Amino acid sequence: MSSVQVVDDDATKSVWRDRADTALIVLAVGSLPLLALELDRESLPHSDRVFLDSVNVVVLVAFAADYAARLVSSSSKLRFVRQEWVGLLVVVAQGAALLPSLTAFGILRVLRGARAVRAAAVVVRMFAVGGSLARQGRAVLRRRAGSLAIGVAALTWLSSSVAFTLAEGPGDGTRVESFFDSLWWSLTTMATVGYGDIYPETGAGRLIAAVTMLVGISTFAVVTAKVAEALVRGDTTGPADGQ
């Protein structure tokens with residue numbers, strides 16, 4: 001194989017690794033706030049529980065495929081297992097989280113119903129996913145610092161939706177019937193639209209709304225500034241008039 005082919009292969013692998021790390025970061029960031037819903041899973045409607053299980057499946061498949069691919073391509077399998085134990089912990093924790101949802105393991109539903117057991121499982125998964133995020137995030141964020149504001153906005157959207165669901169419902173007689181209602185509320189609050197169809201009625205809900213509005217205004221301002229910066233940079237680097 002020529003040196004040119006080797007360089008091309010290395011460049012292709014680097015691009016693929018960068019895209020894979022970015023995708024895993026998005027999954028890790030997006031799934032972390034949803035872990036809190038597991039603590040109140042039994043009170044959620046069926047659609048929310050199906051959504052949580054679907055997210056768990058996606059995270060499990062993505063991290064398992066990435067771990068397997070890196071393990072196969074590693075020159076030293078034993079060293080890779082020792083160094084990348086966090087990635088393996090994510091796969092094991094996500095797999096264990098799905099077991100009670102399978103009819104074949106119906107006996108495990110009793111364990112999932114225990115709040116202490118569910119809380120311990122959430123802590124383990126949060127540690128595993130958070131550790132993987134920290135490992136992959138440092139390198140990617142250095143290359144994609146401009147996307148940080150969008151990531152913060154997305155994380156705030158999901159986090160405030162989860163917190164609002166836990167603070168305001170769901171339940172009979174509440175305005176929040178499901179997690180998807182909270183997603184709508186969080187989006188309109190961040191955008192400072194506030195239609196008023198859903199609003200906080202508790203002190204905790206109002207505090208969550210205040211933080212959501214402040215973060216939403218700040219992150220949208222940063223995103224707008226980045227777009228303006230990109231447009232100005234494009235004008236200044238373009239061809240001069242008359243050329």
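Remember, predicted model here, so these are calculated numbers, not experimental data.
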When you look at Leu37 and Leu44, which way does the side-chain contact (heavy atoms from CB on, under 4.5 Å) test go after all the steps? CA-CA 8 Å; Leu37 287 178; Leu44 297 175; 4.2 Å; yes

For Trp157, which residues count as a side-chain hydrogen bond (donor to acceptor under 3.5 Å, both in side chains) partner, sequence neighbours excluded? none

Checking Phe80 now: which residues fulfil ring pair (Phe, Tyr, Trp, His ring centres under 6.0 Å) with it, not counting sequence neighbours? Tyr67

Can you name the nearest heavy-atom pair linking Pro45 to Glu177, along with the distance? CG-O, 3.6 Å

So, using side chain to side chain contact (heavy atoms under 4.5 Å, CB included) as the criterion, who are the partners of Val57 when residues are at least two apart? Val61, Leu98

Looking only at heavy atoms, the pair that brings Thr189 and Met213 closest together is CG2-CG, 3.3 Å

In short, Asp181 meets Ile198 closest at the heavy-atom pair O-CD1, 3.6 Å

Partner set under side chain to side chain contact (heavy atoms under 4.5 Å, CB included) for Arg79, not counting sequence neighbours: Ser75, Ser76, Arg82, Gln83

Ionic contact status for Asp53 with Arg49, cut-off 4.0 Å: no

Could you tell me which residues satisfy side chain to side chain contact (heavy atoms under 4.5 Å, CB included) with Thr192, sequence neighbours excluded, listed by chain and number? Ile217

List the residues meeting side-chain hydrogen bond (donor to acceptor under 3.5 Å, both in side chains) with Trp184, not counting sequence neighbours, and say none if there are none. Asp197

Same cluster for Leu78 and Leu89 if Ile/Leu/Val/Met/Phe/Trp/Tyr side chains link at under 4.5 Å? no

Among residues two or more places apart or on two chains, list those pairs meeting ring pair (Phe, Tyr, Trp, His ring centres under 6.0 Å) that have a residue in residues 36-62. Phe51-Phe179, Phe51-Phe180

Passes side-chain contact (heavy atoms from CB on, under 4.5 Å), Val162 versus Leu158? Steps please. CA-CA 6 Å; Val162 170; Leu158 290 173; 5.5 Å; no

The side chain to side chain contact (heavy atoms under 4.5 Å, CB included) partner of Val55 among Val58, Leu52, Val59 is Val59

Would you call Trp185 and Ser161 a side-chain contact if the rule is heavy atoms closer than 4.5 Å? no

Let me check something: do Leu71 and Leu88 share a hydrophobic cluster, defined by ILVMFWY side-chain heavy atoms less than 4.5 Å apart, either directly or through other members? yes

Can you list the residues that meet the side-chain hydrogen bond (donor to acceptor under 3.5 Å, both in side chains) rule with Ser160, with sequence neighbours excluded? Ser186

Who are the side-chain hydrogen bond (donor to acceptor under 3.5 Å, both in side chains) partners of Ser182, not counting sequence neighbours? Thr165

Closer than 3.5 angstrom, by distance alone: can the side chain of Ser54 be matched with the main-chain N or O of Val50 as a donor-acceptor pair? yes

Measure from the side-chain N and O atoms of Glu201 to the backbone N and O of Glu168, and report whether any donor-acceptor pair falls under 3.5 Å. no

Can you name the side chain to side chain contact (heavy atoms under 4.5 Å, CB included) partners of Leu155, sequence neighbours left out? Val29, Pro33, Ser159

When every non-hydrogen atom of Val91 is compared with those of Leu60, the smallest separation belongs to O-CD1, 3.4 Å

Work out which heavy atom in Val72 is nearest to a heavy atom in Lys77; give both atom names and the distance. O-NZ, 3.6 Å

